[in-house]
*Asks:* 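First, the structure itself, so that you have it in front of you.
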Amino acid sequence: MQKPYTLHSLRKRILAVAIVISFIFCALGVRMFVLQIINGEKLQLKATDQWTRDLAIIAPRGNIYDSTGATMAVSYTTYNVFVRAREVDEPSAVAQALAQILGLQFSKVYDKVKDKSQSEVLIKMQIDGQTAEDLYKCHMKGVYMAENVARYYTYGNLMTQVLGFTSVDNVGQSGIEAYFNEMLTGRDGYSYVQSDLQGKEISGSLRYYIAAQRGCDLTLTLDSKIQLVLENTLEKVMVEQKAKSATGLIIGAKTGQLLALSTKPSFDLNEVPRDDLTALFDMSKVKAVTDVYEPGSTFKILTVAAALEEGLTNFEDRFYCPGYRVIDGVRIKCWRSIGHGSQNLIEAFQNSCNCCFMDLALRLGVDKFYEYMQKFGLGKATGISITGEAKGILMNKSLVKRVDLARMGFGHAVALTPIQLAMAVSSITNGGNLLQPYLVSQRTSPDGQVQVLSSTQTKGKVCSYETSQKVNTLLEKATNKLEPYTFVEGYNVGGKTGTAQKYKQGGGIDQGKYISSFLGSYPANDPEYILLLLVDEPGAGAYYGSVVAAPYGKEVFSGIFEYLSIEKDSSDPVEYVTMPSLVGISLTDASVILKQLGLFYELDGEGEYILQQLPPQGTSLAKGTTIVLIT
């Protein structure tokens with residue numbers, strides 16, 4: 001007989017069922033908490049990825065401006081073309097239309113259009129707006145376009161190396177574009193559309209759009225007008241001097257700002273020549289920062305500054321030059337083999353006499369000489385915002401002999417970058433303060449907030465104000481040998497020329513190959529601007545810096561004065577003379593004629609008679625100009 005249920009047993013059963021149900025609901029609650037709260041975001045993203053298809057909206061890179069506010073680089077909208085093969089009804093017709101409009105090969109497009117193993121394939125990147133409109137009018141099912149951006153450089157081949165360029169994926173490849181890539185790059189957006197299991201778009205479904213955010217804008221210290229003056233002159237150098245390359249830079253002597261910086265040959269940034277990567281790499285280098293060279297006579301500015309600061313010489317100090325010095329049994333020539341005779345420091349600097357600067361280096365000694373080289377910032381990078389900056393080359397101090405030190409005194413046996421030399425000279429001429437060079441002043445965020453990235457910064461003291469003034473006097477008298485304001489008529493321009501031999505990659509002098517240079521300052525008594533111009537392997541016959549580089553330095557300064565509307569320092573007219581014919585006469589007779597005309601000369605060769613002269617007969621020259629005689 002079955003035992004009847006009692007109220008107590010019924011309650012126990014109900015309690016057991018309630019406990020089981022409560023446990024189930026608790027477990028479900030915990031599971032829901034884990035799914036919705038703990039893993040909710042991750043699962044939502046996974047689900048969204050399964051039921052949607054997205055197209056990236058590439059963020060525009062920030063603009064680049066020069067110091068005057070002129071736009072140098074901007075981004076503009078282009079479009080990427082995609083195909084979702086599973087949505088294409090007529091692959092052949094779609095491939096034919098795409099190939100025709102986009103200028104592609106039909107077979108390659110057709111293979112992509114019919115490939116249903118992939119949910120989406122890229123057909124072409126960065127098509128222009130008109131082409132995108134032509135595609136849109138075709139209303140081809142399965143063909144999609146997503147916004148992209150491309151880079152446009154307003155002035156084409158102006159500031160080629162400084163600005164640099166980007167890849168097709170909008171990643172900086174060189175110059176400012178590469179160094180500040182993270183700042184210039186924006187945040188990409190996306191366009192989402194709902195799709196079914198096969199990846200086909202669901203008609204009438206919701207679309208989602210996340211806008212892209214553009215990158216930060218950058219403002220350079222470079223002035224595009226001054227840059228144009230420099231680049232036009234460098235182009236002229238390339239043609240007239242048949243040079244391998246020409247490099248120039250202009251800095252603010254009291255600020256450290258780069259006002260212009262360029263190397264020729266260059267290329268149009270809107271048409272990057274990617275077919276020859278070796279040539280592209282060479283033309284993309286900021287050679288004033290990345291390449292080292294033996295400076296020659298422009299280095300004498302540093303030697304004389306150190307000697308003056310140490311009290312080892314003065315303007316009345318006299319030096320005798322027989323055309324050479326014998327140091328530890330080694331005969332080292334002056335550039336003028338017949339010698340300069342007896343001369344004071346000012347005359348020796350004007351004559352760029354090697355013997356004088358050998359003496360000054362030896363007076364300093366190795367320890368003191370290297371102490372000043374360190375003060376001038378040699379042997380280490382300046383820290384300018386360009387990728388690949390070289391440190392320069394200084395011999396190990398412990399290995400330097402007297403003969404090495406003597407050569408260093410006139411700019412041999414030492415290798416610098418142009419930016420190192422320019423900054424060292426600016427430190428001497430500006431009162432003795434070594435400055436940090438910079439070429440990007442500020443960035444502006446998309447919301448308009450401005451952040452200063454660089455400003456004038458002093459790295460150390462190199463010499464006294466008194467020494468600075470003495471060096472400025474030497475530079476002034478070196479360019480204006482007869483009277484003031486004659487190098488650039490009416491303007492007080494200082495400067496120094498240099499001529500240095502090149503070396504083979506494996507060592508040894510590369511015969512017949514030179515780097516000619518000119519380093520100028522303005523105004524000479526208190527410089528605001530420092531110009532350095534280098535001509536690599538001039539091939540028009542001459543190679544002395546005074547003939548190959550200095551005249552173009554004069555052109556650059558003249559262009560700057562005109563652009564900035566700088567009035568002349570003096571209204572006194574400069575006297576001009578006509579270059580006579582000196583070919584065939586003796587060097588002695590030629591010297592007399594040139595002295596009467598107020599012209600100076602540099603000598604190439606050790607013969608007695610003139611074989612060639614530069615410039616040729618009939619050229620109009622300002623008094624005080626240096627010409628070249630080849631014997």
*Asks:* Begin from the C-alpha positions of K300 and N354 and carry the test side chain to side chain donor-acceptor pair (under 3.5 Å) through to its verdict.
*Replies:* CA-CA 9 Å; K300 293 172 181 175; N354 290 351; 2.8 Å; yes

*Asks:* Just by distance, do the side chain of S427 and the backbone of L434 share a donor-acceptor pair under 3.5 Å?
*Replies:* no

*Asks:* Does the pair K244/D282 count as a salt bridge with the N-to-O cut at 4.0 Å?
*Replies:* no

*Asks:* Here's a test for you: under side chain to side chain contact (heavy atoms under 4.5 Å, CB included), which of T458, T382, I251 qualifies with L435?
*Replies:* T458

*Asks:* Any side-chain heavy atom of L519 sitting closer than 4.5 Å to one from I530?
*Replies:* yes

*Asks:* Are Y491 and F561 near enough that their ring centres are under 6.0 Å apart?
*Replies:*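 When the ring centroids of Y491 and F561 are compared, they turn out to be within the sub-6.0 Å range.
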
*Asks:* Given N480, which of K477, E476, E483 fulfils the side chain to side chain contact (heavy atoms under 4.5 Å, CB included) condition?
*Replies:*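 Passing option: E476.
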
*Asks:* Looking at I428, is its backbone amide N or carbonyl O close enough to the side chain of S468 to form a donor-acceptor pair, meaning the two atoms are under 3.5 Å apart?
*Replies:* yes

*Asks:* Under the side chain to side chain donor-acceptor pair (under 3.5 Å) rule, what do D268 and Y155 come out as? Steps first, then yes or no, please.
*Replies:* CA-CA 8 Å; D268 189 333; Y155 296 95; over 6 Å; no

*Asks:* Any side-chain heavy atom of F487 sitting closer than 4.5 Å to one from N492?
*Replies:*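 Not in contact.
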
*Asks:* Decide yes or no for T263 and V286: does some side-chain heavy atom of the first lie under 4.5 Å from some side-chain heavy atom of the second?
*Replies:* no

*Asks:* If you round to the nearest 0.5 Å, how far is OG of S517 from CG of L421?
*Replies:*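 Between atom CG of L421 and atom OG of S517 there are 7.5 Å.
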
*Asks:* Please check if the side chain of R325 supplies one atom and the backbone of I332 the other of a donor-acceptor pair under 3.5 Å.
*Replies:*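 Between the backbone of I332 and the side chain of R325 there is no qualifying donor-acceptor contact (under 3.5 Å).
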
*Asks:* Working to the nearest 0.5 Å, report the span between CG of L230 and NZ of K225.
*Replies:* 15.0 Å

*Asks:* Using ring centroids (six-membered ring only for Trp), state whether F376 and F299 fall under 6.0 Å.
*Replies:*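 Ring centroids of F299 and F376 are no less than 6.0 Å from each other.
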
*Asks:* Just by modelled atom types, is the G175 backbone N or O under 3.5 Å from a matching donor or acceptor in the Q161 side chain?
*Replies:* no

*Asks:* For C463, does its backbone N or O pair with a side-chain atom of T467 as donor and acceptor, under 3.5 Å?
*Replies:*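 Side chain of T467 to backbone of C463: no pair is present.
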
*Asks:* Using side-chain heavy atoms (C-beta onward) and a distance below 4.5 Å, is L345 in contact with C356?
*Replies:*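 Counting from C-beta outward, L345 and C356 do come under 4.5 Å.
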
*Asks:* Would you call K254 and D526 a salt bridge, taking side-chain N to carboxylate O under 4.0 Å as the test?
*Replies:* yes

*Asks:* If we only count heavy atoms from C-beta on, is the I627 to L614 side-chain gap below 4.5 Å?
*Replies:* no

*Asks:* Answer yes or no for K481 and F600: cation-pi contact, defined as NZ/CZ to six-membered ring centre under 6.0 Å and angle to ring axis within 45°.
*Replies:*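 Yes, K481 sits over the ring of F600.
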
*Asks:* Is the gap between the ring centers of Y543 and Y514 under 6.0 Å?
*Replies:*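 When the ring centroids of Y543 and Y514 are compared, they turn out to be within the sub-6.0 Å range.
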
